[in-house]
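Worksheet for the structure shown next.
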There are 2 protein chains.
Amino acid sequence: MMTGMAATPSPRAAGAPPTSGDVARVAGVSRATVSYVLNNTEGGRVSEATRERVRDAARQLGYVPHAVARALRAGRSGIVLLTAPAVTVGPLFAHAYADLQQALAELGHTAVLYGPTGARGAEAGRRWAELRPDAVLSLMDDSMDEDAVAVLHKAGVGVVLGCGPVPVPGAHALVADQEQVGFRAVEHLAAAGRRTLGVIVPADASLLGFAEPRLAGAEKGARARDAVTVVRQDLALDEGAATRWARQCAEAGIDGLFAYNDEYAALAVRALQDSGKRVPEDVAVVGADDLLIGRLLRPRLTTVRMDYMPSREIARLLNRLIGTPDAPPETHDILRTGLVVRESA
Amino acid sequence: MMTGMAATPSPRAAGAPPTSGDVARVAGVSRATVSYVLNNTEGGRVSEATRERVRDAARQLGYVPHAVARALRAGRSGIVLLTAPAVTVGPLFAHAYADLQQALAELGHTAVLYGPTGARGAEAGRRWAELRPDAVLSLMDDSMDEDAVAVLHKAGVGVVLGCGPVPVPGAHALVADQEQVGFRAVEHLAAAGRRTLGVIVPADASLLGFAEPRLAGAEKGARARDAVTVVRQDLALDEGAATRWARQCAEAGIDGLFAYNDEYAALAVRALQDSGKRVPEDVAVVGADDLLIGRLLRPRLTTVRMDYMPSREIARLLNRLIGTPDAPPETHDILRTGLVVRESA
DNA sequence: TTGAAAGCGCTACCAT
DNA sequence: ATGGTAGCGCTTTCAA
């Protein structure tokens, strides 16, 4: 057993960052008291005079609590890990991410984005699990799969929430039903009397998770109509490719076009116009995502707008799930779409 | 002193995630040995048979090391914290971020993005410092200032690297000299005989950190020439604002325009054309950042392209700095610009 | 009202 | 070749 002096440990090396022990020493109290004061634990159990001394000492030393040590002791890190592949960390995502960060912070969580690991499945799950987050939210991330979920659960990460075109087995799901997008676009084109509909699918493989369902939705839309056919058009986001595509497109007799998003639509419109086609007279074009570029081009793009569940609601959902880690997987629909009719279709 | 049995602690609650102690128990060895084996410490000091048993046990239990505990013990978290305000987490940034993540991972670090905290200066510094990262890289983040750096250093975060238009005192700096951009644009417009140059500055306050230096560079370019003047044009990224701006622009007698970036340039070109001006005949336009939209417009946009230091080099730099935490602040230039001449100027 | 001490999971030093 | 054990910084129970 130690005797005496324990409340006054020797000062630490000069350059070392101050710990709660240092604060205690300077304030002339125990580490326990420091903890009580700085965390406002147990209302008035510490006298106001002492509280003031402790806070002064902390300020004077520039003390910053050590979240790692706190997490170890508490058994929970307070971290919500967001995972997202490179492509997703894009413009649409930027503000949503900032909002989510904010909303989670208000609920006492720390949102942290962990970019592409280079691994997939169980291996990716292990990388995430090492940090022992309270929850993992994977955004459109196809490296999150059933194995990854299993690893996470086994490592004590109680909440795994997948957000993407397809739900991940075993995890909670925010489903963004991308099929709606294609369906709605085709509905509009068909109603305008178009019969041979091209659907532009991006060559970028990392977008297939979105592109395939949008195509599938378009095909579903075509089947619901008589005499409407859908032709898949693979296209890279590149002017040369677009020029070649426009030629081939004319031969296919396409009179209506649904592009993966407004960027691809813009590229296609340009190429069609350069090849002598008129938009929308010869080919009607519908884009998606309501990007700025669609309003700057002439003709202005008709597009399928996406309304996702607001970040604040997602934060509340996460907060609730973290509170009940063993609840059975829930599925929430987070996508509503609407057509923005402009000039191109 | 404990006696006996210490190598065989009692099993833990069934649902609890396995610890190295559990692995040790299953493999019939001590926790120390588990640590040696799983971290490949000290070459052959553990027999191959034992190593195999340990690895089997770990696999069977689904053991994932606890990075938090490891960090506490090691005194370093292995984390490189990236901070960025909402606007920056944009398209240009996406791939750079993914690359950096990758490059840092290869060097044994974990890159983690910590979005806008809602706080600034010392308070923001405290939020970051809590996580005890080995380094903080702030990207175009104006909430990182001298006070934040001081807090971080005091909390033992040895490496603070700022990347933005202006260096942060006390921290290492990656300077992206945005003035070059404006200078180069004005040089081109003046050489083409334009004399009254508008410079479009975005109304979005969060972009001012870039916009002001670009404007300053343009002014510097004008001073270097006779009879060339620069007129600041504030503009919001909005069609209505652009229409009003185009009218006022005609009155000002502007015959050359440098826009903050290609998006603003596109908006301006559109508005000018709609108001009856010809581009480039009446007004020559130069954009910046070489965005896709610049190639889709007619006329195609002349733009100032940016070449940043590749992520791999930034990762190597960070790695070196983490190895020598007390080195004096270094400054590195990471921006090269080049003019891409197309049709608009 | 305050303090002592245990212990979160891990690694590294020193024994054996 | 392997094991005991101290201790990273913190919170929290129990004791005073």
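All chains are named by letter (A, B, ...) in the order of the sequence lines, taking the proteins before the strands, and each is independently numbered beginning at 1.
A sub-4.0 Å separation between OP1 or OP2 of D:dC10 and a side-chain N or O of A:Tyr63 is present. The side chain of A:Ser47 places no N or O atom within less than 4.0 Å of a non-bridging phosphate oxygen (OP1 or OP2) of C:dT1. The side chain of A:Thr19 places no N or O atom within less than 4.0 Å of a non-bridging phosphate oxygen (OP1 or OP2) of D:dG9. Residue B:Thr41 has no polar side-chain atom (N or O) positioned under 4.0 Å from OP1 or OP2 of C:dT11. Put simply, B:Ser35 has no side-chain N or O that comes within less than 4.0 Å of OP1 or OP2 on C:dA12.
Here the closest non-hydrogen pair linking A:Ser20 and A:Val34 is O-CG2, 4.0 Å.
Side-chain contact check for B:Thr33 versus B:Val37: some heavy-atom pair is nearer than 4.5 Å. Side-chain contact check for B:Val54 versus B:Tyr36: every heavy-atom pair is 4.5 Å or farther apart. Annotation: side chain of A:Arg76 is not in contact with side chain of A:Arg132 (no heavy-atom distance under 4.5 Å).
The nearest whole Å value for the distance from the CD atom in A:Glu130 to the P atom in C:dT11 is 10 Å. Separating the CG atom of B:Leu131 from the P atom of D:dC10 is a distance of 14 Å, rounded to the nearest angstrom. Computed from coordinates, the B:Leu72 CG to D:dG9 P distance equals 7 Å when rounded to whole Å. To the nearest angstrom, P of C:dA12 lies 7 Å from CG of B:Asn39. Between the NE2 atom of A:His66 and the C1' atom of C:dC10 there is a distance of 14 Å, given to the nearest Å. Rounded to an integer number of Å, the gap from A:Arg73 CZ to C:dG7 P is 10 Å. Between A:Arg31 atom CZ and C:dT2 atom P the separation is 17 Å, expressed in whole Å. Nucleotide D:dG3 holds its C1' atom 13 Å from the CZ atom of B:Arg53, rounded to whole Å.
Both A:Arg70 and B:Ala32 lie close to DNA chain D; mapped to their nearest nucleotides by heavy-atom distance, the more 5′-ward contact belongs to B:Ala32. Summary of the strand contacts: B:Pro65 and B:Tyr36 both lie near DNA chain C, and taking for each the nucleotide with the nearest heavy atom, the more 5' one is attributed to B:Pro65.
Within 4.0 Å of A:Ser20, counting heavy atoms only, lie sugar-phosphate atoms of the nucleic acid but no base atom.
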#### Entry: side-chain hydrogen bond (donor to acceptor under 3.5 Å, both in side chains) between A:Asp141 and A:Ser143, intermediate numbers included
CA-CA 5 Å; A:Asp141 188 348; A:Ser143 58; 2.6 Å; yes

